[in-house]
Amino acid sequence: MPREYDRRNLDFILKEVFNYGALCQYPRYADYALDMFDMVLDSAEQIADRHLRPHFVDADRKQAELVNGTVQVHHSVEAYVKEMGDSGMIGATFSYEKGGQQLPSIVGGAHEFIRGAANNSIVMFTGLSNGAAHLIASFGSEELKQAFVPNMLAGKWTGTMCLTEPQAGSSLNDVSTTAKDLGNGTYSIKGQKVFISGGDNHFSENIIHLVLARLEGAPKGTKGISLFVVPKRRQENGQWVSNEVTSMGLYHKMGQKATPALHLSFGDKGDSIGHLVGEPNKGLMYMFQMMNEARLGVGMGGAYIASAAYHFSKQYASERSQGRKLTNKDPETPPTLIQNHPDVQRMLYYQKSIMEGAMGLLFQCFLWEDLSKCLTGDEQKEAQMLLDLMTPVAKTYPAEQGTLAVNQGLQVLGGYGYTEDFPLEQMARDVRIMSIYEGTTGIHGLTLLGRGIPSEQGKAVQALIKLIQADIAQGMTHEATKPYAEMLANELASLNKVTMHKLNKASQPDVFLADSTLYMELFGLVVVAWQWLKQGNVAARNLDSTEKSFYQDKIHTMKFFYHYEVPKALGLTKRLLDDEILTIFE
């Protein structure tokens, strides 16, 4: 198989578009230099080569099994988690105070992109451990931090997040797992959780579950949810004993089979002990830190699986001969490579434009995350506002469009793509979950339009518009980008018209939010068009360089996105300005 990503493209986005080396000027990242970031990304490639790439297919075919109460996962997972722990990469982006290496999030995200492109299913183990450990380090007591975080970051213990319940699904208002105060600083946990990724494995010394539950007498709804650390094993009289976390069943998933999804039972016999994180009834607020981090990770999943699919289908198209050019009517001539057929070229450009545009959006968010930790005052607040506004978009666009891009890759292979002999069918199965993980697309549409856009009288949107307008102004100065800067200006104005129309219906929630998923689609399309203009602006400045072909290809892909994808905004805009059809939902 070809490499699943293009390091030159990754470096282009990180170094030339976002200039991530400039982060080293801030005290938080002063211990780093640009060449050190290169070394970190080289280490990701080494980990991928040793533990991920070789097992991509085998870990799918030999999926996890529940044997005598314990989940047996693919043998490669243990070695991968150990290396990530030994190298310090599980919590590398944590601050020094939290036990990390204070690596910028944008570098950590790039490290994950490389690993995930090589084997998207196995990397979930360390992603979950990272999020769970960071939550404990952020909100737990000193005792909890010392008891759990070091072993999680070392890869000895793994972590999970336990939100969903059989009767509640995504509606956290209806969480029914209970927590009874035992009067000694611990709590008796009782309930069931479903779809718990990485919920059990055979190799970890312990598994640390972060569980949402209700204390006795807590208010109903989300205001009555608390958060608890519930380990699979607990210490009792110097011995490790079962904490009555029972694996009731293993879900047989469509894809991502290296990471098992469990149905877990806590305290069925009243012997599952948990530790309260932070204050009572604030569990959902704490959990949102891990959820939002995971949402960026899920968006990354859509992008890096799309990357792997693109590079494989591109290679296939350069090797597979079939048919003849449209201008060639002579059946005696040999077949041409399918990469020479216009429709195959369209599909390849489609994949590339979606994937590289999504990468821009994601690394933009990681940069805002880093700046929110470095800046002060209004600048810090703006970076955090932009990150909060764009997180649901950065989760949704790559997840939804990445699925379509992978399907186009499968289409390039034709009938062979539908077989297990080639990896596209596995990638198509793996990527499909991304629009469901960490909140479905519909939930994120509600979040964007219902909360993100109106937040603080629209200050985040106004800040975003200023950034986009600055890149439009820059695009107007280059011949290659000027037409596309003008197109983006028009689409930005149309998006603003749609937004104001929707906000004027805010007093009628059924009308205001009925098409929030379509609004998310339009919003994502415009902000990715912005990211393509950013990339096009950089490329336009370098068309006379020794790498002219690379930059020219960037310009071509930008043009493709604007001519093939951006016109879709017209239909979405028309739909979103028309409220008459919404009466059928009443």
Side-chain angles (χ1 to χ4, degrees), residues 1-16 18-24 28-56 59 76-96 98-131 133-134 149-156 158-159 258-259 293 296-297 300-301 303-305 307-308 311 359 362-363 366-367 369-370:
M1 282 179 60
R3 279 290 185 264
E4 308 85 0
Y5 76 104
D6 180 353
R7 179 66 177 268
R8 178 65 186 92
N9 175 63
L10 184 60
D11 284 343
F12 169 78
I13 292 173
L14 296 174
K15 296 178 180 179
E16 299 179 61
F18 293 118
N19 188 24
Y20 76 160
L23 289 169
C24 301
R28 180 180 179 88
Y29 302 122
D31 290 343
Y32 289 97
L34 186 59
D35 62 340
M36 297 171 73
F37 294 163
D38 287 335
M39 292 171 62
V40 170
L41 300 191
D42 291 342
S43 76
E45 181 58 35
Q46 293 163 9
I47 291 172
D49 256 341
R50 283 196 289 268
H51 304 296
L52 298 171
R53 209 166 270 127
H55 306 289
F56 175 66
S76 61
V77 178
E78 180 175 5
Y80 162 71
V81 172
K82 183 179 187 305
E83 171 131 359
M84 284 287 288
D86 290 347
S87 66
M89 285 307 304
I90 292 178
T93 56
F94 294 11
S95 66
Y96 294 137
K98 293 178 180 177
Q101 299 179 34
Q102 211 153 290
L103 187 72
S105 293
I106 192 170
V107 184
H111 194 281
E112 181 183 351
F113 187 92
I114 294 170
R115 288 182 283 112
N119 194 320
N120 67 84
S121 188
I122 291 177
V123 299
M124 285 186 66
F125 277 91
T126 48
L128 288 163
S129 293
N130 169 289
H134 193 214
V149 174
N151 281 328
M152 295 174 76
L153 297 189
K156 295 180 180 179
T158 55
T259 298
E293 291 170 349
L296 291 181
M300 287 281 286
Y304 55 60
I305 298 174
S307 175
H311 286 288
M359 288 175 68
L362 286 157
F363 288 116
F366 284 122
L367 182 61
E369 183 178 339
D370 289 324

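Every value quoted in this text rests on a predicted model; they were computed, and no experiment measured them.
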CA sep, side-chain torsions, deciding dist, call: Ser95, Gln102, side chain to side chain donor-acceptor pair (under 3.5 Å): CA-CA 4 Å; Ser95 66; Gln102 211 153 290; 4.9 Å; no

State, to 0.1 Å, how close Ile47 and Ser87 come at their nearest heavy-atom pair, and which atoms those are. CD1-OG, 4.4 Å

How far apart are the C-alpha atoms of His311 and Tyr5, what are their side-chain angles, what is the distance that settles it, and do they pass the ring pair (Phe, Tyr, Trp, His ring centres under 6.0 Å) test? CA-CA 7 Å; His311 286 288; Tyr5 76 104; 7.8 Å; no

Please round to the nearest 0.5 Å and tell me the distance separating atom CD of Glu369 and atom CG of Leu296. 6.5 Å

Rounded distance (nearest 0.5 Å) linking atom CG of Asp31 with atom CD of Gln101: 11.0 Å

Do the charged groups of Glu45 and Arg50 touch, with an N to O distance under 4.0 Å? no

Is it true that a side-chain atom of Ser129 and a backbone atom of Gly159 form a donor plus acceptor pair closer than 3.5 Å? yes

Gap between atom OG1 of Thr93 and atom NZ of Lys98 - 0.5 Å precision: 9.5 Å

If we only count heavy atoms from C-beta on, is the Pro104 to Phe37 side-chain gap below 4.5 Å? yes

To the nearest 0.5 angstrom, please state how far the NE2 atom of His111 sits from the CD1 atom of Ile106. 15.0 Å

Does any non-hydrogen side-chain atom of Val77 lie less than 4.5 Å from one of Met124? no

Heavy-atom donor-acceptor pair, Asn119 side chain to Arg53 backbone, under 3.5 Å: no

Beyond-backbone contact of Met89 with Val40, side-chain heavy atoms, under 4.5 angstrom: yes

Could you pull out the closest heavy-atom pair between Leu41 and Ala110, with the gap in Å? CD2-CB, 3.6 Å

Partner residues of Asp42 under the salt bridge (charged side-chain N to carboxylate O under 4.0 Å, His left out) criterion, sequence neighbours left out: Arg7

Between Thr259 and Ser121, is there a donor-acceptor pair closer than 3.5 Å when you use the side chain of the first and the backbone of the second? yes

4.5 Å side-chain heavy-atom contact, Phe366 and Val107: no

With side chain to side chain contact (heavy atoms under 4.5 Å, CB included) as the criterion, how do Leu34 and Cys24 come out once you've worked through the C-alpha distance, each side chain's angles and the decisive distance to 0.1 Å? CA-CA 8 Å; Leu34 186 59; Cys24 301; 5.9 Å; no

Let me see the working for Lys15 and Asn19 under side chain to side chain contact (heavy atoms under 4.5 Å, CB included), right down to the final yes or no. CA-CA 4 Å; Lys15 296 178 180 179; Asn19 188 24; over 6 Å; no

Check: Asp370/Tyr29 side-chain N/O donor and acceptor closer than 3.5 Å: yes

How far does CG of Leu14 sit from CG of Leu10, to the nearest 0.5 angstrom? 4.5 Å

Non-neighbouring partners of Lys156 that pass salt bridge (charged side-chain N to carboxylate O under 4.0 Å, His left out), sequence neighbours left out: none

Smallest heavy-atom separation, Ile90 atom then Asn130 atom, equals O-ND2, 2.7 Å

Starting at OG1 of Thr126, measure out to CG of Leu153 and round the result to the nearest 0.5 Å. 11.5 Å

For Ser307 and Phe113, which heavy atoms make the closest approach, and how far apart are they? CB-CZ, 3.9 Å

Where do Ala258 and Phe125 come nearest, in terms of heavy atoms and distance? O-CE1, 3.6 Å

Yes or no on side chain to side chain contact (heavy atoms under 4.5 Å, CB included) for Phe94 and Leu103, after CA distance, side-chain angles and deciding distance? CA-CA 7 Å; Phe94 294 11; Leu103 187 72; over 6 Å; no

Which pair of non-hydrogen atoms, one from Asp49 and one from Pro54, has the smallest distance, and what is that distance? O-CG, 3.3 Å

Please report the C-alpha distance between Glu112 and Tyr304 in whole Å, then the side-chain angles of each, then the deciding distance to 0.1 Å, and finally whether the side chain to side chain contact (heavy atoms under 4.5 Å, CB included) criterion is met. CA-CA 9 Å; Glu112 181 183 351; Tyr304 55 60; 4.1 Å; yes

Would you mind telling me which of Arg115, His51, Met300, Met84 makes a side chain to side chain contact (heavy atoms under 4.5 Å, CB included) with Val123? Arg115

